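Comments concern the structure below.
Naming: A, B, ... by sequence-line order, numbering from 1 per chain. The structure presented is a predicted model; accordingly, all values stated were derived computationally and were not measured.
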Amino acid sequence: MVENIHTVFFMKKKSFDFQKLPRSFYLQPTLRVAKKLLGKLFVRKCRKELLIGKIVEVEAYRFNDKASHSYRGKTKRNEVMFAEGGTLYVYFTYGMHFCANIVTEEKGNGCAVLLRGIEPLEGIETMKTNRNNYSEKKSLSQLTNGPAKICQSFSLGRKENGTDLLGDEIFVAENNEQQDSFLIASSPRIGIREGYGEKKQWRFFLKNNRFVSVK
DNA sequence: CGACCGATTGACT
DNA sequence: GTCAATCGGTCGG
């Protein structure tokens, strides 16, 4: 069975026809979802504007995974990570940054995929405005190559924690513009200490894409 | 309650 | 390469 959810937006005299990913996509095993999210479009409706980018780098976090927030069970901070697949989990860290995850698998599993790199496609000027400390001197690749940079440019914070990705505010869509095939590379996850599953190759990214955070 | 530190970033040597 | 910023969650006493 193929589910197609088309959402058409008319904004600023442009029309967008999105094939929004269905719930069933997010209910698959986390590592599979992580890899399949690469190349898809992350879409954020921000007032009268659309912010769109291609997902180029992700990391998987699961239950029984010492690096995962869900490892010690549900708390007020991480409760959204235990929601049904297809929910946005945004957390606050380092006293100043937010990171965005896409919850996977069935409700209660505590699995998610962290967004680490996005190639900006639409609404780039607004993303630059949303970013702290972004000057035109910087290369465009510095705009959204990192989990906290993505949250700044797409304006994701506490309000967006728990957003259902099957709504019209924030969602992921098929990328029908993706003509050429791409190579997926994997590596250990970034910033995971020794003894916390640092050897798991659960970071996935598009090879040779300049919006990947760590080369 | 205090100490420690994080799925980070940007500035600086 | 090093390091400060900045705060809430977690853990030990």
Side-chain angles (χ1 to χ4, degrees), chain A residues 26 29-31 33-35 37-38 42 53 55-83 85 87-105 109-120 127-163 165 170 172 185-206 210-215:
Chain A
Y26 301 104
T30 303
L31 296 187
V33 174
K35 283 176 266 195
L37 278 171
L38 294 174
F42 184 76
I55 299 172
V56 302
E57 179 188 358
V58 297
E59 281 176 2
Y61 289 87
R62 307 191 61 219
F63 53 84
N64 284 344
D65 169 10
K66 284 190 87 175
S68 171
H69 289 172
S70 58
Y71 183 68
R72 291 169 201 287
K74 193 192 284 191
T75 66
K76 188 163 190 177
R77 180 202 195 199
N78 67 17
E79 62 178 350
V80 171
M81 196 169 166
F82 291 86
T87 304
L88 193 72
Y89 167 47
V90 183
Y91 68 86
F92 183 65
T93 190
Y94 288 102
M96 66 189 85
H97 293 304
F98 291 97
C99 295
N101 299 252
I102 291 171
V103 177
T104 57
E105 304 192 21
N109 275 17
C111 300
V113 176
L114 171 70
L115 300 176
R116 287 198 58 95
I118 283 185
E119 177 176 338
M127 292 181 194
K128 288 177 179 174
T129 308
N130 288 343
R131 281 273 271 114
N132 307 326
N133 305 312
Y134 187 85
S135 76
E136 281 298 335
K137 290 176 186 172
K138 289 186 180 173
S139 150
L140 185 63
S141 66
Q142 309 241 42
L143 184 61
T144 48
N145 65 333
K149 295 177 187 177
I150 290 170
C151 285
Q152 283 180 29
S153 47
F154 282 82
S155 190
L156 304 173
R158 287 193 177 83
K159 272 205 315 288
E160 288 70 31
N161 188 30
T163 302
L165 298 178
I170 304 167
V172 184
S186 64
S187 83
R189 295 168 293 183
I190 305 297
I192 301 303
R193 298 213 321 256
E194 200 174 326
Y196 285 76
E198 80 281 2
K199 289 178 181 164
K200 288 186 167 79
Q201 308 264 314
W202 285 3
R203 170 175 176 249
F204 304 99
F205 54 98
L206 298 192
R210 64 203 255 261
F211 296 92
V212 166
S213 65
V214 181
K215 304 300 176 193

DNA chain B in dot-bracket form (Watson-Crick or G-U pairs under 3.5 Å, [ ] crossing, | inter-strand) is ||||||.|||||.
For A:Tyr94, the side-chain contact (heavy atoms from CB on, under 4.5 Å) test, sequence neighbours excluded, returns A:His97
In this structure, CZ of A:Phe211 is separated from CD of A:Gln142 (nearest 0.5 Å) by 10.5 Å
message: One thing to verify: whether A:Glu59 and A:Arg116 come together as a salt bridge, which I'm taking to mean a side-chain N less than 4.0 angstrom from a carboxylate O.
response: yes
Rounded to the nearest 0.5 angstrom, the CZ-CG distance for A:Arg158 and A:Asn161 is 9.5 Å
Min and max contacting nt of DNA chain C in 5' to 3' order, chain A heavy atoms within under 4.0 angstrom, are C:dA5 to C:dC11
Problem - Test: A:Glu198 and A:Arg189 ion pair at under 4.0 Å - result: no
Applying side-chain contact (heavy atoms from CB on, under 4.5 Å) to A:Thr163 and not counting sequence neighbours gives A:Leu88, A:Glu160, A:Glu169, A:Ile170
So, are A:Glu119 and A:Arg210 salt-bridged, with charged N and O less than 4.0 Å apart? no
The side-chain contact (heavy atoms from CB on, under 4.5 Å) partners of A:Cys151 (sequence neighbours excluded) come to A:Phe98, A:Ala100, A:Leu156
*For residues A:Glu105 and A:Thr30, is any side-chain donor paired with an opposing acceptor at under 3.5 Å?*
yes
Q | Within 45° cone and under 6.0 Å: A:Lys66 NZ/CZ vs A:Tyr196 ring | A | yes
Separation of the P atoms in B:dC5 and C:dC3, to the nearest angstrom: 15 Å
Heavy-atom contacts, protein to nucleotides 2-13 of chain B, under 4.0 Å, summarised as B (base), S (sugar-phosphate only) or - (none) per nt, yield ----BBBSS---
